[in-house]
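Keep in mind that this is a model prediction, so the values were computed, not measured. Sequence lines set the chain letters: A, B, ... in the order given, protein chains first and strands last, and positions in each chain run from 1.
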Protein chains: 2
Amino acid sequence: MLTKQELIKYCNDARQNYLDHVSIDCVVFGFHEGQMKVLLLKTHHEEKWYLPGGFVLKEEPIEMAANRILMERTGLDKIFLQQFHVFGDPDRSKFHNDLYKDMLPTQENWFAGRFLSIGYYALVDFFEVTPQPDQFSESCTWRDLDDVPELQLDHELIFKTALDALRLQLNYQPIGYNLMPKEFTMPELQKLYETILDKKLDRRNFQRRILAFGILNRAEQPRKGGAHKAPYLYSFDLENYRHALTEGFKGGW
Amino acid sequence: MLTKQELIKYCNDARQNYLDHVSIDCVVFGFHEGQMKVLLLKTHHEEKWYLPGGFVLKEEPIEMAANRILMERTGLDKIFLQQFHVFGDPDRSKFHNDLYKDMLPTQENWFAGRFLSIGYYALVDFFEVTPQPDQFSESCTWRDLDDVPELQLDHELIFKTALDALRLQLNYQPIGYNLMPKEFTMPELQKLYETILDKKLDRRNFQRRILAFGILNRAEQPRKGGAHKAPYLYSFDLENYRHALTEGFKGGW
DNA sequence: TACAATTGTGTACTTTATACACCTTTGTTT
DNA sequence: AAACAAAGGTGTATAAAGTACACAATTGTA
C-alpha cells in the first residue's frame, strides 16, 4: 500500500510520461531441462501475484514499450516478445481501480482509469537470465506451470491465452533457438516440445519430423562423458530457422 | 475539410465520450460467387480511402466497440469480427495528425493525438449486406482485392496483415458459414477457398478434404434447372461446424 | 446427333504420420 | 569379466493424408 503522497507523485509522473488507457502485460515462459515455468511478480507484504506489466511512453512504439517494461520490472533484457491479444473488458481492472479510492478520488488517480492491455509472450531459458524484482515487487520468480498461484486482475486469462497462442505457434513456426544451448541433443529438444504441449511424444517420430523441417545441423562428434550411449549433438541452422520463422512450416491449403 | 467550429465541436464530443489513444479499424472482406472484395470508405471531395474505423467509448468493451464502429460507419450490423493485431507505431497517424494543425493547436485537437489501433477483420457475403456511408464519407464501397486504391495512414499494412490472418485461419478453422447460401454446391464452396487463397485448387481433392472435416451435410436432391450436370447441394452441419470452430482442425503435434 | 461444359466418382502414387522392434554404447552391478 | 540397465541410433510395417491424374454422367447448345 502506498502513502497518499507517493500515490500522488506516481500519478503525476505517469500522467506526464505515459499514454493513457493502454497497458502491456508480458507472459514470459521459462524453460530449462524439461521444466517449464512462468515469470511472476509478487507485491510487497502481500500474497498478490501479477504478470509483469506496465505502461507505454507517449512517443514509444509498443514493441519497444513491451521490452522496456519487461526490463524494468524483471531485469530481463533482449527477450523476443510476441504480441498475441488485446484484453479490453472495461471491468478487467475494476478491483485494482478501487484499491485507493478512499485515499484519492478516482478521477484524480491516474492508475484507476480504464486500461486496455496488450498481451505479449516470450519463451526463454530460465537458467540464462536472472530476474530482478523492481521497487514495487517483493519478488520476481519463476513458478511451475502447474503451480501458478491465483493471479490478480485478469492475469489468469492473459496467462492462459498466451499458453494457447504458444502451443498454436508450434504448429507453424520453429521454436527453441535461445532456449536450447548452442549444441543440444535430440532428446533435449524433444523435452522442450513435450513440456510446452504437456504430453509425451514418440522419440523416433519426433526425430524424423523435426529433421524434416531442415532447421537442424548435426555435429560430427557426439557428446562424450555422460553415462549411456553418446548422443549426437545438433545446432540450429540459423538461416533455415529464420526462413521458417517468416515462411511457416506447412502451407495447409 | 472541416471548419474550425466543426472540428472544435467534434473534439469536445470525442474527449467526452471516447477513450483516448485507442482506435479500432475493421477490415471487412466481402465474398460472393467467386469475387472477393474489401470494404472501404472514401472521404468527401477527396480521393482518400480509409478502412472503416473509429473510437472506443469510455465504458465499452472493445468487441462491442468494433461492432458499433462498423455499424456506424458502414451500416453493417451483426458481423462477426475477429481481433487480429494491434498497430502501435507512434508515427502511424502522423500525416493525419498534421492535417488541421494550422486550424487548431495540436494539443487542443483530440484527433491529432497518438492512437493505437486494434485491427479486426470479418468475412461477409457482400450480396447480403448494403453498405451505407456515414456523414464523413462520400462513399462506402466494395473494392476488388486486386484493385485496392492507395490507403491513408497505415491502413494498407492493416489490410495486408488482416489478409494474412484470414489465410492462416483457413488452416485450422472452418470458414464459409454466413458466406454461402443455406445450400450450396461443392464448386461454389471451392470458389471461396480459391478466392481467399488466390490460387486454384484441385476439384476432386478439395471435395475429399473438405468432406473429411465432417462439417457438411449433403442434400437428397441435387440442384436442378441449370445447364450441365445437376450438382449436389450441401449445407453446413452447424453443430460440427461450431465444434470445429472452437477445437480447430488438425492438432499438429 | 455431336459437342462442350460441368460435375460425380475412382485410382494409382507419393508423402506423412503412427506404432512399433532391434541394435549399440556406456556406466554400474555382481 | 559378465550381466544388466538406461539411453540413444536406426529401421520397418502399416495407416492416413496429400497429389495427380482419367473417365463417366448429365444437360443445354450447335
Side-chain angles (χ1 to χ4, degrees), chain A residues 33-34 167 170-174 176 180-181 183-195 197 199-235 244 247-253, chain B residues 33-34 167 170-174 176 180-181 183-195 197 199-235 244 247-253:
Chain A
E33 289 177 2
R167 284 174 178 162
L170 285 195
N171 290 326
Y172 57 89
Q173 290 212 320
M180 307 300 294
E183 298 199 305
F184 50 88
T185 68
M186 198 55 83
E188 285 165 0
L189 183 60
Q190 182 175 341
K191 266 282 176 205
L192 170 62
Y193 278 74
E194 290 184 336
T195 308
L197 296 168
K199 70 176 175 188
K200 288 260 164 255
L201 300 173
D202 183 280
R203 192 165 62 87
R204 296 145 281 191
N205 296 335
F206 175 82
Q207 167 147 331
R208 192 159 2 157
R209 190 156 160 187
I210 207 95
L211 284 176
F213 291 158
I215 55 169
L216 295 181
N217 292 321
R218 190 165 91 171
E220 307 256 323
Q221 298 301 323
R223 171 180 296 172
K224 288 173 183 171
H228 318 302
K229 181 169 185 178
Y232 282 107
L233 289 169
Y234 293 86
S235 57
E247 294 301 310
F249 278 143
K250 31 187 164 190
W253 289 96
Chain B
E33 289 177 1
R167 285 174 178 161
L170 284 195
N171 290 328
Y172 57 91
Q173 289 212 320
M180 306 302 293
E183 297 198 305
F184 49 88
T185 68
M186 198 54 83
E188 285 166 359
L189 183 59
Q190 182 176 341
K191 266 279 175 207
L192 171 62
Y193 278 74
E194 289 184 338
T195 308
L197 296 168
K199 69 176 177 188
K200 288 262 165 249
L201 300 173
D202 184 280
R203 193 166 62 84
R204 297 144 282 192
N205 296 334
F206 175 82
Q207 166 146 333
R208 193 163 1 153
R209 189 156 160 187
I210 206 97
L211 284 177
F213 292 159
I215 56 169
L216 294 180
N217 292 321
R218 189 164 93 171
E220 306 256 324
Q221 297 301 322
R223 170 180 297 173
K224 287 173 183 170
H228 319 302
K229 180 170 185 175
Y232 282 107
L233 290 169
Y234 293 87
S235 57
E247 294 302 309
F249 280 142
K250 32 186 166 188
W253 289 95

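- For the pair A/Leu216 and A/Leu189, the minimum side-chain heavy-atom distance is below 4.5 Å.
- The side-chain hydrogen bond (donor to acceptor under 3.5 Å, both in side chains) search around A/Arg208 returns A/Asn205, not counting sequence neighbours.
- Rounding to the nearest 0.5 angstrom, the gap separating the CG atom in B/Leu197 from the OH atom in B/Tyr193 is 9.0 Å.
- Rounded to an integer number of Å, the gap from CD1 of B/Ile210 to C1' of D/dG18 is 15 Å.
- Here the P atom of nucleotide D/dG8 and the NZ atom of A/Lys191 are 10 Å apart, to the nearest Å.
- If you take NZ of A/Lys200 and P of C/dA19, they are 16 Å apart, rounded to a whole angstrom.
- Between the C1' atom of D/dT19 and the CD atom of B/Gln207 lies a distance of 16 Å, rounded to the nearest Å.
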One character per nucleotide, please: for nucleotides 21-30 of chain D, 5' to 3', B when the base has a protein heavy atom closer than 4.0 Å, S when only the sugar-phosphate does, - otherwise.
BB--BBBS--
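- With hydrogens and angles disregarded, a donor-acceptor distance shorter than 3.5 Å links the side chain of A/Gln190 to the backbone of A/Leu201.
- Taking atom CZ on B/Arg209 and atom P on D/dA20, their separation rounds to 12 Å, with Å as the unit.
- Rounded to a whole Å, the CG atom of A/Leu189 is 12 Å from the P atom of D/dG9.
- Whole-Å rounding puts the B/Tyr232 OH to C/dT9 C1' distance at 10 Å.
- Here the C1' atom of nucleotide D/dG9 and the CZ atom of A/Phe206 are 15 Å apart, to the nearest Å.
- Looking at heavy atoms from C-beta onward, B/Met186 lies in side-chain contact with B/Tyr234 at the 4.5 angstrom threshold.
- Annotation: the span from A/Asn217 atom CG to A/Glu183 atom CD amounts to 10.0 Å, rounded to 0.5 Å.
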